[in-house]
Amino acid sequence: MSSAIPLNVGITRSAVSGAADSPKRVLLAEPRGYCAGVDRAVETVEKALEKHGAPIYVRKEIVHNRHVVETLRERGVIFVDETDEVPEGSVVVFSAHGVSPMVHSSAAARSLHTIDATCPLVTKVHQEAKRFARDDFDILLIGHEGHEEVEGTAGEAPEHVQLVDGPDAVDGVTVRDESKVIWLSQTTLSVDETMETVQRLRERFPSLQDPPSDDICYATQNRQTAVKAMAPECDLVIVVGSRNSSNSVRLVEVALGAGAKAAYLVDYAREVDPAWLEGVRTIGITSGASVPEILVEGVLELLAEHGFGDVQPVTTANETLVFSLPRELRAARA
């Protein structure tokens with residue numbers, strides 16, 4: 001049984017674009033795959049292994065991708081849920097999603113050598129939360145309950161932060177002073193759904209303030225834009241990514257919302273069901289921000305075996321951003 005998530009249940013293929021004998025082709029979204037924050041986080045763990053040797057401990061998954069986690073585990077990385085599982089005095093890396101001050105305190109109490117691989121764009125949201133909490137604002141954090149990034153951000157100012165998990169949660173929001181309310185967001189959300197939530201919040205709280213800068217990560221936005229550009233031409237969109245990757249799941253939703261007739265999420269090429277390809281002429285391919293390119297290449301090779309050898313890039317942005325490694329590992333990079 002395929003472990004892919006079929007997020008197109010109930011959607012029927014009303015009209016396959018092009019004639020039945022039209023050439024088969026693949027539209028390949030660019031940009032896709034690793035963002036700067038994920039690249040930095042994965043390299044952080046690799047450099048920590050080089051510098052300190054195995055085992056290296058990582059709190060939670062360094063990034064939300066099954067292949068990355070399994071590969072690092074084979075190299076001697078031990079993934080734990082909390083710092084109290086790490087032997088005293090050991091090296092522990094905090095994941096790209098960020099942690100709360102409480103986690104930092106817990107690690108210090110166990111004399112752990114911490115390396116913080118939090119994405120700088122997530123750190124920016126943490127700083128915003130602290131700043132507005134100092135100014136005694138009610139902070140409405142748009143995000144998904146239980147997501148590690150949300151827990152880390154909310155932990156910066158728990159007495160000021162209220163989680164808003166989508167538009168339907170807006171009616172349950174209460175604030176102390178409607179003139180001092182600001183919204184922040186998880187960085188990996190759907191841009192469209194986030195703005196729908198903001199609009200609903202603004203209807204209730206007309207004085208709602210916007211964050212100083214856009215919280216949704218540039219890479220999340222760029223990947224969604226590329227999918228929107230190609231989806232109307234696609235009979236099928238395959239998103240390479242893991243089930244627990246918020247931005248990967250959002251890409252499936254964005255593809256369907258933008259006109260793709262079907263869309264699926266897979267971790268590996270072997271999860272692609274040949275039945276999905278029946279009657280299909282145009283397939284869109286993209287990958288979440290925590291997905292190494294080798295997994296996309298595997299899907300392309302599989303599709304080529306089924307006659308989809310014509311690969312056409314759909315480029316909507318060029319990404320050049322690079323983040324420096326954590327201070328403790330910069331010398332190791334050389």
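Bear in mind the structure is a predicted one, so any value in this text is a computation, not a measurement.
No chain of hydrophobic side-chain contacts below 4.5 Å, direct or via other Ile, Leu, Val, Met, Phe, Trp or Tyr residues, connects I142 to V125. If you chain together hydrophobic residues whose side chains sit under 4.5 Å apart, L28 and V291 fall into the same group. Y268 and I285 fall within a single hydrophobic cluster, where Ile, Leu, Val, Met, Phe, Trp and Tyr side chains are chained together by heavy-atom contacts under 4.5 Å. Hydrophobic clustering, with ILVMFWY side chains joined whenever heavy atoms are under 4.5 angstrom apart, keeps V181 apart from L163. A continuous path of ILVMFWY side-chain contacts below 4.5 Å connects V198 to L189, so both sit in one hydrophobic cluster.
Taking the charged nitrogens against the carboxylate oxygens, R176 and D136 do have a contact shorter than 4.0 Å, which makes a salt bridge. Between R25 and E233 there is a salt bridge, since a side-chain N of the basic residue sits under 4.0 Å from a carboxylate O of the acidic one.
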Walk me through whether Y57 and L112 qualify under side chain to side chain contact (heavy atoms under 4.5 Å, CB included).
CA-CA 10 Å; Y57 293 83; L112 302 181; over 6 Å; no
Set out, in order, the CA-CA distance, both residues' side-chain angles and the distance that settles side-chain hydrogen bond (donor to acceptor under 3.5 Å, both in side chains) for Q221 and D214, then state yes or no.
CA-CA 10 Å; Q221 296 188 56; D214 196 348; 2.8 Å; yes
Determine whether R66 and S242 satisfy the following criterion, side-chain hydrogen bond (donor to acceptor under 3.5 Å, both in side chains), listing intermediate values before the conclusion.
CA-CA 6 Å; R66 201 164 94 194; S242 294; over 6 Å; no
Does Q127 form a side chain to side chain contact (heavy atoms under 4.5 Å, CB included) with K124? I'd like the steps, not just the answer.
CA-CA 5 Å; Q127 297 301 326; K124 176 184 77 72; 5.8 Å; no
Would Q224 and D192 satisfy side-chain hydrogen bond (donor to acceptor under 3.5 Å, both in side chains), going step by step from the backbone distance to the final call?
CA-CA 10 Å; Q224 291 178 14; D192 295 337; over 6 Å; no
Start with the C-alpha gap between R59 and D81, add the side-chain angles, then the distance that decides, and say whether side chain to side chain contact (heavy atoms under 4.5 Å, CB included) holds.
CA-CA 6 Å; R59 183 185 180 274; D81 285 329; over 6 Å; no
Stepwise side chain to side chain contact (heavy atoms under 4.5 Å, CB included) test for R243 and V249
CA-CA 7 Å; R243 292 169 178 266; V249 173; 5.8 Å; no
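Side-chain atoms of R110 come within 3.5 Å of backbone N or O of V86 as a donor-acceptor pair. For S287 (side chain) and G33 (main-chain N/O), a donor-acceptor pair under 3.5 Å exists by modelled atom type. The backbone N or O of D171 lies less than 3.5 Å from no partner atom in the side chain of R200, so there is not a single donor-acceptor pair. A donor-acceptor pair is defined here as one N or O able to donate and one able to accept, closer than 3.5 Å; such a pair exists between the side chain of S90 and the backbone of P87. Counting only distance, with no hydrogens or angles, the side chain of R204 and the backbone of V170 share a donor-acceptor pair below 3.5 Å. Side chain of T153 to main chain of E149: a donor-acceptor pair is present (N/O by atom type, distance under 3.5 Å, no hydrogens or angles). At distances below 3.5 Å, at least one donor-acceptor pair connects side-chain atoms of R40 with backbone N or O atoms of T118. No donor-acceptor distance shorter than 3.5 angstrom exists from the side chain of D138 to the backbone of V175, with no hydrogens or angles considered. Not a single donor-acceptor pair under 3.5 Å links the side chain of D215 to the backbone N or O of T187. Judged by distance alone, the side chain of D135 and the main-chain N or O of F137 form no donor-acceptor pair under 3.5 Å.
The heavy-atom pair separating V42 from Y34 by the smallest distance is CG2-OH, 3.7 Å. Between P31 and A317, the shortest heavy-atom contact is CD-O, 3.5 Å. For the pair V63 and A96, the tightest heavy-atom approach, listed with the atom from each and the gap, is CG1-CB, 4.2 Å. In this structure, P101 and G155 approach most closely via the heavy-atom pair CD-O, 3.3 Å. Closest approach of D177 and S179 over heavy atoms only: OD1-OG, 2.7 Å. I216 and Q186 get closest at one heavy-atom pair: CG1-O, 4.1 Å.
A heavy-atom distance below 4.5 Å is found between the side chains of V296 and R32. Here the side chains of K60 and F94 are not in contact, with every heavy-atom distance at 4.5 Å or above. For the pair H147 and S246, the minimum side-chain heavy-atom distance is below 4.5 Å. Looking only at side-chain heavy atoms (C-beta outward), E178 and S207 stay at 4.5 Å or farther from each other. Under the 4.5 Å side-chain criterion, counting only non-hydrogen atoms from C-beta, L184 is not in contact with L140. Contact annotation: the side chain of P326 never approaches that of D116 to less than 4.5 Å [non-hydrogen atoms, C-beta and beyond]. Side-chain contact between D39 and V322: absent, with no pair of heavy atoms (C-beta onward) separated by less than 4.5 Å. The closest side-chain heavy-atom distance from S95 to E148 is below 4.5 Å.
In this structure, CD on E151 lies 8.5 Å from OG on S100, to the nearest 0.5 angstrom. Between atom CD of residue E253 and atom CG of residue L265 there is a gap of 10.0 Å, rounded to the nearest 0.5 Å. To the nearest 0.5 Å, the span separating CD on Q199 from CG on L208 amounts to 10.0 Å. For the atom pair L303 CG and I283 CD1, the distance stands at 4.5 Å (nearest 0.5 Å). The distance from atom CD of E156 to atom CD of E128, rounded to the nearest 0.5 Å, is 11.5 Å. The line from SG of C35 to OH of Y218 is 5.5 Å long, rounded to the nearest 0.5 Å.
Within a 6.0 Å radius of CD in E145, no more than 12 heavy atoms belonging to other residues, nucleotides or ligands are found.
E319 and N222 are linked by a side-chain donor-acceptor pair at a separation below 3.5 angstrom, with hydrogens and angles left out of the test. Residues T83 and S106 bring a donor and an acceptor atom of their side chains to less than 3.5 Å of each other. A donor-acceptor contact closer than 3.5 angstrom links the side chains of N244 and E61.
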Which pairs of donor and acceptor atoms, one on a side chain in residues 71-78, lie under 3.5 Å apart (sequence neighbours left out)?
| from | atom 1 | to | atom 2 | distance (Å) |
| --- | --- | --- | --- | --- |
| T71 | OG1 | H67 | O | 2.8 |

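Taking the six-membered ring where the residue is Trp, Y264 and W276 present parallel rings, their angle staying beneath 30° rather than reaching 60°.
Taking the six-membered ring where the residue is Trp, the centroids of H97 and H64 are separated by under 6.0 Å.
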